[in-house]
There are 2 protein chains.
Amino acid sequence: MSQGHRHEEDCCGAGPGDRVQTAVQRMKDRAMRVTAPRLRMLKVLAAARHPLSAEQIHEAAGDDQLDLVTVYRSLGAMDDAGIVQRHPLERGRSLYALVSPGHHHHHVICRRCGRIERLPGCDTSRLEAAARAKGFGDLTHVMEIYGVCPACAQPSHA
Amino acid sequence: MSQGHRHEEDCCGAGPGDRVQTAVQRMKDRAMRVTAPRLRMLKVLAAARHPLSAEQIHEAAGDDQLDLVTVYRSLGAMDDAGIVQRHPLERGRSLYALVSPGHHHHHVICRRCGRIERLPGCDTSRLEAAARAKGFGDLTHVMEIYGVCPACAQPSHA
DNA sequence: GTCCGTGCAAATCATTTGCACTTCT
DNA sequence: AGAAGTGCAAATGATTTGCACGGAC
């Protein structure tokens, strides 16, 4: 999961700082405590250009600065609060990303190297409508596309 | 990863027995061995009207008739062969279902009671096209919708 | 001062792997 | 015969929980 891309922010609007502030505000609204470990996590999440695993967040935040268990617990709380979005994926792993309202999207994940890229948009409305028609409510969805990225598809790579 | 469409009759009127036979044939084509444990699993899968967990398959096939490990290993092999479709879901669990060519679909899963219902169709073509445009190949996708089913939404149920 | 959040250790749980043995083909 | 499949035990790896302490409000 290492490649030295350095892209500040891709497209629209809010920089990392703003996103942290927004998240902090939402935590306060929810009567959640804003602690040093959580701020570290938020900074990491705000700077990330794609979803991260708990382990990656732990490491990026300085693994000696906060416990992995705390990362899991805080991510759980933030997920419940709608501050981060959890992306459950194959083999029981999950990735987490700060929620950007109005920027719902999904990803392609390379089956071999784990590289992740964002895909624009989401076509689930029809399926969600069908689910709603069956009487289901409070809908959310999980969706990831898996494939082999260009680099890994290179014959020389085999 | 190719699916050879051959009999149209499989599509519309296939009973459990037919589905087992189709799966057996595909296993033979792939030089996979058709063994007693695998036949048991196929019968269970063919009779199911929704995806099952490895544990459920193990139990339904007679937990003393085959080992849980065998269930996992065979499901893995059948998944690779495109005979069963694996539905990875939250918390590291997976469900498996016999593949019905031409009947690709997804499900709604009740977050509270685990009830599963089939939803018609799949709208991922646009996203897969986007992934392909980014150079990714050999695409597959994971997608499940989560919600609260009518029964669990009942106030009296709380 | 209260609670929520944290750290550390130990526990879970679904799934995987090593190895020797059995059984298809 | 020989490879593929199986069973049992033990390992893995991500995530979770128990409990006592510490810090945010």
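Values reported hereafter were calculated over all heavy atoms of this structure, with side chains retained and with hydrogens, waters and symmetry mates removed. Residue numbering restarts at 1 for every chain, and letters A, B, ... go by the order of the sequence lines.
In terms of modelled atom types and a separation under 3.5 Å, the side chain of S53(B) and the main chain of Q56(B) share a donor-acceptor contact. Side-chain atoms of H106(B) come within 3.5 Å of backbone atoms of M143(B) as a donor-acceptor pair (strictly under, hydrogens ignored). For the pair S74(B) (side chain) and T70(B) (backbone), a donor-acceptor distance under 3.5 Å is present. Under the 3.5 Å distance criterion, the side-chain polar atoms of Q65(B) are left unmatched by any main-chain donor or acceptor of G62(B).
Annotation for V84(B) and L75(B): closest pair CG2-O, 3.8 Å, computed over non-hydrogen atoms. Nearest heavy atoms, H58(A) versus L66(A): NE2-O, 2.8 Å. For the residue pair I83(A) and A23(A), the shortest heavy atom distance occurs at CG2-CB, 3.9 Å.
No continuous path of ILVMFWY side-chain contacts below 4.5 Å connects L119(B) to I109(B), so the two sit in separate hydrophobic clusters.
Between atom CG of residue L98(A) and atom NZ of residue K43(A) there is a gap of 13.5 Å, rounded to the nearest 0.5 Å. Annotation: the span from K134(A) atom NZ to I145(B) atom CD1 amounts to 11.5 Å, rounded to 0.5 Å. Rounding to the nearest 0.5 angstrom, the gap separating the CD1 atom in I116(B) from the SG atom in C149(B) is 11.5 Å.
Each of R86(A) and K28(A) was matched to the nucleotide of DNA chain D holding its nearest heavy atom; the match closer to the 5' end belongs to R86(A). Closest-nucleotide positions on DNA chain D for R38(B) and V69(B) were compared, and the one nearer the 5' end corresponds to R38(B). Both T70(A) and R93(B) lie close to DNA chain C; mapped to their nearest nucleotides by heavy-atom distance, the more 5′-ward contact belongs to T70(A). Residues S94(B) and D67(A) both approach DNA chain C. Their nearest nucleotides, taken by heavy-atom distance, put D67(A) toward the 5′ side.
Listed by residue number, there are no residues of residues 53-64 of chain B with a heavy-atom contact under 4.0 Å to DNA chain D.
Taken over five-pair windows at either terminus, the axes of the helix from dG1(C)-dC25(D) to dA14(C)-dT12(D) are inclined to one another by 30° (rounded to 10 degrees).
Whole-Å rounding puts the R30(A) CZ to dC4(C) P distance at 15 Å. Atoms CG (L68(B)) and P (dA14(C)) sit 9 Å apart, rounded to a whole Å. Atom CG of L66(A) and atom C1' of dG7(C) are 10 Å apart (whole Å). Summarising the geometry, the separation between CG on L75(B) and P on dT15(C) is reported as 9 Å, rounded to the nearest angstrom.
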Using atom names, set out every protein N or O paired with an N or O of nucleotides 19-23 of chain C below 3.5 Å, distance rounded to 0.1 Å.
none

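Checked against side chain to side chain donor-acceptor pair (under 3.5 Å), E59(A) has no partners two or more places apart in sequence or in another chain. Residues satisfying the ring pair (Phe, Tyr, Trp, His ring centres under 6.0 Å) criterion with H107(A), sequence neighbours excluded, are H87(A), H105(A).
To the nearest whole angstrom, the two C1' atoms, one in dT16(C) and one in dT12(C), are 16 Å apart.
The footprint of chain A on DNA chain D, defined by a heavy-atom cutoff below 4.0 Å, extends from dG13(D) to dC25(D).
Looking at H141(A) and E128(A), their side chains do bring a donor and an acceptor atom within 3.5 Å of each other.
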